[in-house]
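What follows is one structure encoded as structure tokens, with my remarks underneath.
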There are 2 protein chains.
Amino acid sequence: MNSTEEPVHERITEAELAVMDVLWQRPRRTAAEVCEEVCAARGWSPATVKTLLSRLVQKGAIAAEPDGRRYLYSPLIERAAYVGGESRRLVDRLFGGSAASLVAHLAETEALTEDDLAEIEALLKELRP
Amino acid sequence: MNSTEEPVHERITEAELAVMDVLWQRPRRTAAEVCEEVCAARGWSPATVKTLLSRLVQKGAIAAEPDGRRYLYSPLIERAAYVGGESRRLVDRLFGGSAASLVAHLAETEALTEDDLAEIEALLKELRP
DNA sequence: CAAGCTTGATTACATCTGTAGTCATCACGA
DNA sequence: TCGTGATGACTACAGATGTAATCAAGCTTG
């Protein structure tokens with residue numbers, strides 16, 4: 001169990017992430033449907049969504065299932081895996097690989113509320129009986 | 001206390017971060033000194049370090065104090081501030097702003113080692129006697 | 001003083017990213 | 001059947017990023 005495993009997909013960018021989020025929410029959507037979800041919020045044109053979908057397919061992050069003359073797009077990677085990878089990356093880059101340091105930092109800078117702390121404590125009890 | 005404050009400096013990139021780390025470790029270093037610390041490790045030429053230093057100065061992330069015909073470079077932003085901003089960004093982007101979710105995720109995906117867990121537990125004891 | 005080394009400034013350039021336009025084609029309705 | 005709208009493929013293009021070379025000017029040492 002080391003933290004240096006390479007992901008099978010290439011790096012997902014900020015803009016692409018918005019698209020992934022839509023597909024994680026519900027897969028098998030058309031480009032138009034994805035656009036409905038994000039174009040307004042991000043001020044994108046439909047063309048932009050199409051580009052991002054293409055790039056995500058190329059990167060191996062989503063699948064394009066033919067459906068008539070269009071595609072239904074679905075994530076190929078799970079959100080949890082992506083999120084885990086990103087978190088790991090952050091911890092490696094900024095906290096010397098120590099997740100505990102990250103938690104410590106969050107606590108010190110009061111990024112963690114009392115509720116957060118309680119929740120984490122509960123979590124720990126579960127993980128280390 | 002909201003989480004939308006803008007940093008005064010522009011975004012620091014991955015490569016630039018390596019340089020920042022050297023300067024955080026010890027400020028007032030010359031380009032050559034910085035290179036000594038990172039060029040080997042990252043396979044960089046001295047020119048690369050100079051470029052990164054220039055960009056960091058432009059971005060307002062470091063100061064260049066004249067010293068004879070060269071400069072001594074020092075961070076203008078604190079490491080803790082940077083790290084906090086990045087953590088915040090991650091939590092916002094991927095965990096809907098909930099830091100506890102991040103910790104929960106790390107725990108669930110076993111990104112946390114037994115040691116990490118013990119350390120966090122100790123931290124919590126301290127924070128919530 | 002001259003030859004060379006050090007150093008920042010400037011320039012270079014490929015790739016990635018954000019954002020979008022164009023175009024050919026195919027299905028569908030009049 | 002014919003126009004029309006939807007759709008993906010391809011193209012575009014500016015700005016960011018990684019990585020570095022070149023160049024001019026000063027310092028240094030013989």
Side-chain angles (χ1 to χ4, degrees), chain A residues 6-7 9-23 28-74 82 85-86 89 93, chain B residues 6-7 9-23 27-74 76 82 85-86 89 93:
Chain A
E6 291 296 325
H9 56 87
E10 314 202 15
R11 195 114 178 71
I12 291 171
T13 72
E14 172 72 25
E16 288 161 358
L17 182 60
V19 169
M20 291 302 290
D21 268 329
V22 172
L23 296 178
R28 305 194 71 224
R29 303 218 220 191
T30 66
E33 284 164 350
V34 172
C35 186
E36 264 170 45
E37 295 289 318
V38 289
C39 283
R42 318 248 324 188
W44 284 347
S45 90
T48 299
V49 170
K50 288 181 191 174
T51 300
L52 293 173
L53 284 168
S54 300
R55 287 183 183 166
L56 284 168
V57 168
Q58 281 191 335
K59 290 183 178 183
I62 67 177
E65 162 195 353
D67 173 59
R69 46 178 270 75
R70 67 229 177 125
Y71 292 118
L72 300 180
Y73 298 95
S74 303
Y82 173 73
E86 289 302 297
R89 187 189 320 283
R93 279 201 323 158
Chain B
E6 291 295 324
H9 56 86
E10 315 204 13
R11 195 117 175 72
I12 292 171
T13 72
E14 172 72 25
E16 288 162 357
L17 182 60
V19 169
M20 290 303 291
D21 268 329
V22 172
L23 296 179
R28 306 193 71 224
R29 303 219 218 191
T30 67
E33 284 164 351
V34 172
C35 186
E36 263 170 45
E37 295 289 317
V38 289
C39 282
R42 317 250 322 191
W44 284 346
S45 91
T48 299
V49 170
K50 289 182 190 171
T51 300
L52 293 173
L53 285 169
S54 301
R55 287 183 183 169
L56 284 168
V57 168
Q58 281 192 335
K59 291 184 178 184
I62 66 178
E65 161 194 355
D67 174 57
R69 48 180 262 75
R70 69 231 177 124
Y71 291 118
L72 301 179
Y73 298 94
S74 303
L76 278 180
Y82 173 74
E86 289 302 297
R89 187 190 319 284
R93 278 201 324 157

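Chain letters run A, B, ... following the sequence lines, proteins first and then strands; every chain starts at 1. These numbers were taken from a predicted model, which means no experiment stands behind them.
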### Query
Counting any heavy atom closer than 4.0 Å, what does A:T48 reach on the DNA or RNA strands: base, sugar-phosphate only, or nothing?
base
### Task
Would you kindly give the CD-to-P distance between A:E16 and C:dT17, to the nearest whole Å?
7 Å
### Message
Heavy-atom nearest nucleotide on DNA chain C for B:A32 versus B:R55: which residue maps closer to 5'?
### Response
B:A32
### Message
One thing to verify: whether A:E86 and A:R11 come together as a salt bridge, which I'm taking to mean a side-chain N less than 4.0 angstrom from a carboxylate O.
### Response
yes
### Query
If you check the B:Y71 side chain, which of C:dA9, C:dG21, C:dT19 turns out closest?
C:dA9
### Query
Roughly how many Å is it from CD in B:E36 to C1' in C:dT6, rounded to a whole number?
14 Å
#### Entry: Residue A:R69, side-chain atoms from C-beta onward, closest of D:dG18, D:dA6, C:dT17
D:dA6
### Query
Could you state the CG-P distance from B:L56 to C:dA9, rounded to the nearest angstrom?
14 Å
### Query
Does the A:T48 side chain pair with the main chain of A:W44, one donor and one acceptor, at a distance under 3.5 Å?
no
#### Entry: Rounded distance in Å - CD (A:Q58) to P (D:dT11)
13 Å
#### Entry: B:Y71 side, atom OH; B:L53 side, atom CG - distance, nearest 0.5 Å
12.0 Å
### Summary
Here the distance between atom C1' of C:dT25 and atom NZ of A:K50, to the nearest Å, is 12 Å
### Query
Is there a donor and acceptor pair closer than 3.5 Å between the side chain of A:S45 and the base of C:dA20?
no
### Task
Remember a base hit wins even if backbone is also touched, and classify B:A64 as base, sugar-phosphate or nothing at under 4.0 Å, heavy atoms.
nothing
### Query
With a cut-off of 6.0 Å (strictly less than), are more than 12 heavy atoms of other residues, nucleotides or ligands near CZ of A:R28?
no
### Query
What integer distance in Å separates A:L52:CG from C:dT19:P?
8 Å
### Task
Assign A:T51 to base, sugar-phosphate, or nothing according to its heavy-atom contacts below 4.0 angstrom with the strands shown.
base
### Task
Measure the distance from CH2 on A:W44 to P on C:dT19 and round it to the nearest whole Å.
6 Å
### Message
Check this one for me: any side-chain N or O of A:T13 less than 4.0 Å away from OP1 or OP2 of C:dG18?
### Response
yes
### Message
Both B:G43 and A:R70 contact DNA chain D. Which one's nearest nucleotide lies toward the 5' end?
### Response
A:R70
### Query
CD of A:E14 versus C1' of C:dT19: gap in Å, rounded?
14 Å
### Task
Inspect the contact between A:E36 and A:R29 and indicate whether a charged nitrogen and a carboxylate oxygen are less than 4.0 angstrom apart.
no
